[in-house]
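Throughout, a chain's letter reflects where its sequence line sits, starting with A, and its residues are numbered from 1.
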Protein chains: 4
Amino acid sequence: MVRYKKSEEKRKQILYAAFQALSGQGYDAVTLQMIADHAQVSKGVVHYYFASKEAVLIELLEWLTSRIYLKEHEAVREQETAAGKLAAYIGSAFVSPEKNRAFYRVYLDFLARASRIPAYREINQRFYDNCTSISTEILLLGQKEGMVSPHLSAEQTAPQIRALIDGCLIQWLMTDEDALHETYRQSCEEAVRKLLGI
Amino acid sequence: MVRYKKSEEKRKQILYAAFQALSGQGYDAVTLQMIADHAQVSKGVVHYYFASKEAVLIELLEWLTSRIYLKEHEAVREQETAAGKLAAYIGSAFVSPEKNRAFYRVYLDFLARASRIPAYREINQRFYDNCTSISTEILLLGQKEGMVSPHLSAEQTAPQIRALIDGCLIQWLMTDEDALHETYRQSCEEAVRKLLGI
Amino acid sequence: MVRYKKSEEKRKQILYAAFQALSGQGYDAVTLQMIADHAQVSKGVVHYYFASKEAVLIELLEWLTSRIYLKEHEAVREQETAAGKLAAYIGSAFVSPEKNRAFYRVYLDFLARASRIPAYREINQRFYDNCTSISTEILLLGQKEGMVSPHLSAEQTAPQIRALIDGCLIQWLMTDEDALHETYRQSCEEAVRKLLGI
Amino acid sequence: MVRYKKSEEKRKQILYAAFQALSGQGYDAVTLQMIADHAQVSKGVVHYYFASKEAVLIELLEWLTSRIYLKEHEAVREQETAAGKLAAYIGSAFVSPEKNRAFYRVYLDFLARASRIPAYREINQRFYDNCTSISTEILLLGQKEGMVSPHLSAEQTAPQIRALIDGCLIQWLMTDEDALHETYRQSCEEAVRKLLGI
DNA sequence: AATGAATGAGTATTCATTCAT
DNA sequence: GATGAATGAATACTCATTCAT
């Protein structure tokens, strides 16, 4: 329905505004007024579409992580070889300094909350599962291609890969140097290759 | 002098209280009252020893990261072989579910702030540098022992190792399962071995 | 517009409440809660209409001094002779024990601040300029009527007149005797007459 | 006794420090710490010599006003003619831009308090009485010399003179221009002459 | 006498949330 | 649907005062 659609659009608009505001300010420093300003709506509207500030942020985490996953999934799907998929995965994880900075700032806020609040943890777990499925797919294809040892356990390797990606991107974020983004990407890719024994 | 010492002790007492409070609550959810309560002093005392809430937290980050480093450094120093040092490093990074949870909750809060505020970033950078020096020491010894390929670049590998450790511990933290701590430790150690080609 | 008007009304309501509260308590002893209570609004409302306590008080000084001037100006305008205007000026300056007490208590607070803070000083200067314009008008008319010596300098006499009025009203305020208000008024008027040589 | 004397000296030292601090900051902005700093003693000392912050300030008002009176009295006593005494009185009231600024800043703070608190009012009343006695002395001598009309009432004129002096010095203070100090002094003296019919 | 550590009451300010329009 | 005025709970911070040393 039009009504629903319009409503959904405004929700997305607010979520995106929340993402921008959150990326600029921290989790608690962000106010509903800032989110409303970014979305160019009145403060009341935010509460009209979301039950509370917490609700906005929970939904934002869901939206963000699923969007990230979809992009990574899409990038990997377009490649046919394990090597290609791997490069695509890393490449889409290290999408750009600007986007990585915006996302990881917010993601660190979320992880901090997730370490204390189960609701956030569950959302993050779905993200991890999705990431694991990507790595697993690559690994299994690699084994089929004969590039990756058949003894390598996907169950163990897949999380290691995500740990490396997140660990490297956090390290890069801490350097505050856009120029090093590419360096970290390469280093991460090489490390992942070593994990896969490629 | 006694006077000075007393003062320093109380500062430490407050910092430790802040650590406990911060680990329980998030960065912004923590109040000076909570910190004072944990330290069993009055609210005014916190302000007597620290200029502001921010000052407490900045100093806490310094204190925490240097303490972690010292423990890791100590553990590594006690070992003589590269393999021993590596196991000691990983072992002291994965010290225990309780301590890791307490620290990484707070550390994630700090990383989130560090992604926006240079002062925090600088402190974290010193921590990274210290961690790098540990990994580098292990790697160089490994090369001397002939266990590690002489072609391996410490400059590149050391950060990868820390990225893995942090990435794995964050993943473990998100599982909220003490029982998995050991699993993640082993997985991390194996992954680090692969990076070193051991 | 209605919206704007409503907003302005509430601002005035808060300013008047601030005046009452300030007159009762001193400048710093007054709290936003007291102002809110006098205005019969919640504490938050004061901050909704004014950026800070300081902003309320700055605006109050402007409002008060311009209101005093307007009343004096009005009273003088209604008279046609210099003698009549002079009596009207003094009469409206010595309006009543209650009002003079309320105003001069607050005004002394403001003068104390103005002696240190330029922003207050500027507002007071505008008030002085307005008072000077009233005295000057009376003096010039008196010269036209032949009552006042043509050699008398308005530039010098006008400030002297205000100095006398303020000086006398402060003295009266210090007596804390409503009954003496009229005495001080007469004494002030006679003194002003001597300055004008009437 | 030595003990008493020493004690009295320290009290004076603290009072003078309070005067300096008060002149710089406002009445409420001043803290006991600032007073202690100015007096180069510890915070505890202030409380050792004075029961409370209020007590310091009450005593300061007494000390200041009696000191001002003594200086004016002294200056007047040294002159023999009414004209000389008048000039000496005005001259010592307009002692210097620096001293007048320091005193009137503090005095306005005190007047603001005196308008609400009887204890301050009483101290100020003694000051007024002393000032009146000076003016009265001058006026009576003037009448004896035949310079001042015998019909002039000292009771009425003396307060007018003080009103002018205070009114003019407050006006000067509000200009924040040291250069205008002399202008205001002259204007005040001329105005006082007119009140005396000289 | 002197110190300064400790206390805690008090206050401005912020902001999520509510609700009348 | 949308607005923004109003609310009041929550909190960092200040500072006079106390008191052990």
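Residues in residues 37-47 of chain A take part in these side-chain hydrogen bond (donor to acceptor under 3.5 Å, both in side chains) pairs, two or more places apart or across chains: A:Gln33-A:Asp37.
With rounding to whole Å, B:Gln25 atom CD is found 14 Å from F:dA10 atom P. Between the NZ atom of D:Lys53 and the P atom of F:dT17 there is a distance of 8 Å, rounded to whole Å. The distance between atom CG of B:Asp28 and atom P of F:dT11, rounded to the nearest whole Å, is 11 Å. At whole-Å resolution of the value, OH in B:Tyr27 and C1' in F:dA12 are 14 Å apart. For B:Glu54 and F:dT11, the CD to C1' distance is 15 Å, given to the nearest whole Å. A:Leu57 has its CG atom 12 Å from the C1' atom of E:dA16, to the nearest Å. Between B:Glu9 atom CD and E:dA6 atom C1' there is a gap of 16 Å when expressed in whole angstrom units. Nucleotide E:dA6 holds its P atom 12 Å from the CZ atom of B:Phe50, rounded to whole Å.
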Step-by-step side chain to side chain contact (heavy atoms under 4.5 Å, CB included) determination, B:Leu64 to B:Phe127
CA-CA 10 Å; B:Leu64 274 180; B:Phe127 180 52; over 6 Å; no
Decide side chain to side chain contact (heavy atoms under 4.5 Å, CB included) for D:Ile68 and D:Tyr107; before the verdict, give the C-alpha distance in whole Å, the side-chain angles of both, and the deciding distance to 0.1 Å.
CA-CA 11 Å; D:Ile68 298 278; D:Tyr107 189 48; over 6 Å; no
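Under the rule for a side-chain contact (heavy atoms from CB on, under 4.5 Å), the partners of A:Glu59 that lie at least two apart in sequence or sit in another chain are A:Arg11, A:Leu15, A:Phe50, A:Glu62. For B:Phe19, there are no ring pair (Phe, Tyr, Trp, His ring centres under 6.0 Å) partners at least two apart in sequence or on another chain. A:Ser52 meets the side-chain contact (heavy atoms from CB on, under 4.5 Å) test with A:Glu54, A:Ala55; sequence neighbours excluded.
Look at C:Lys53 and C:Asp28 and you find no salt bridge, because none of the NZ, NE, NH1 or NH2 atoms lies under 4.0 Å from a carboxylate O.
Pairs of Watson-Crick or G-U wobble type, with distances under 3.5 Å, assemble into runs of 3 or more in DNA chain F at these ranges: E:2-21 with F:2-21.
Looking only at distances, no side-chain donor or acceptor of D:Ser115 sits under 3.5 Å from a matching main-chain atom of C:Arg105.
At the phosphate of F:dA6, OP1 or OP2 sits under 4.0 Å from a side-chain N or O atom of C:Tyr49.
Heavy atoms only, all atoms of each residue included: C:Asp109 and D:Ala112 are closest at OD1-CB, 3.3 Å.
The stretch residues 30-47 of chain C touches DNA chain E through C:Val30, C:Thr31, C:Leu32, C:Lys43, C:His47, each having a heavy atom within less than 4.0 Å of the strand.
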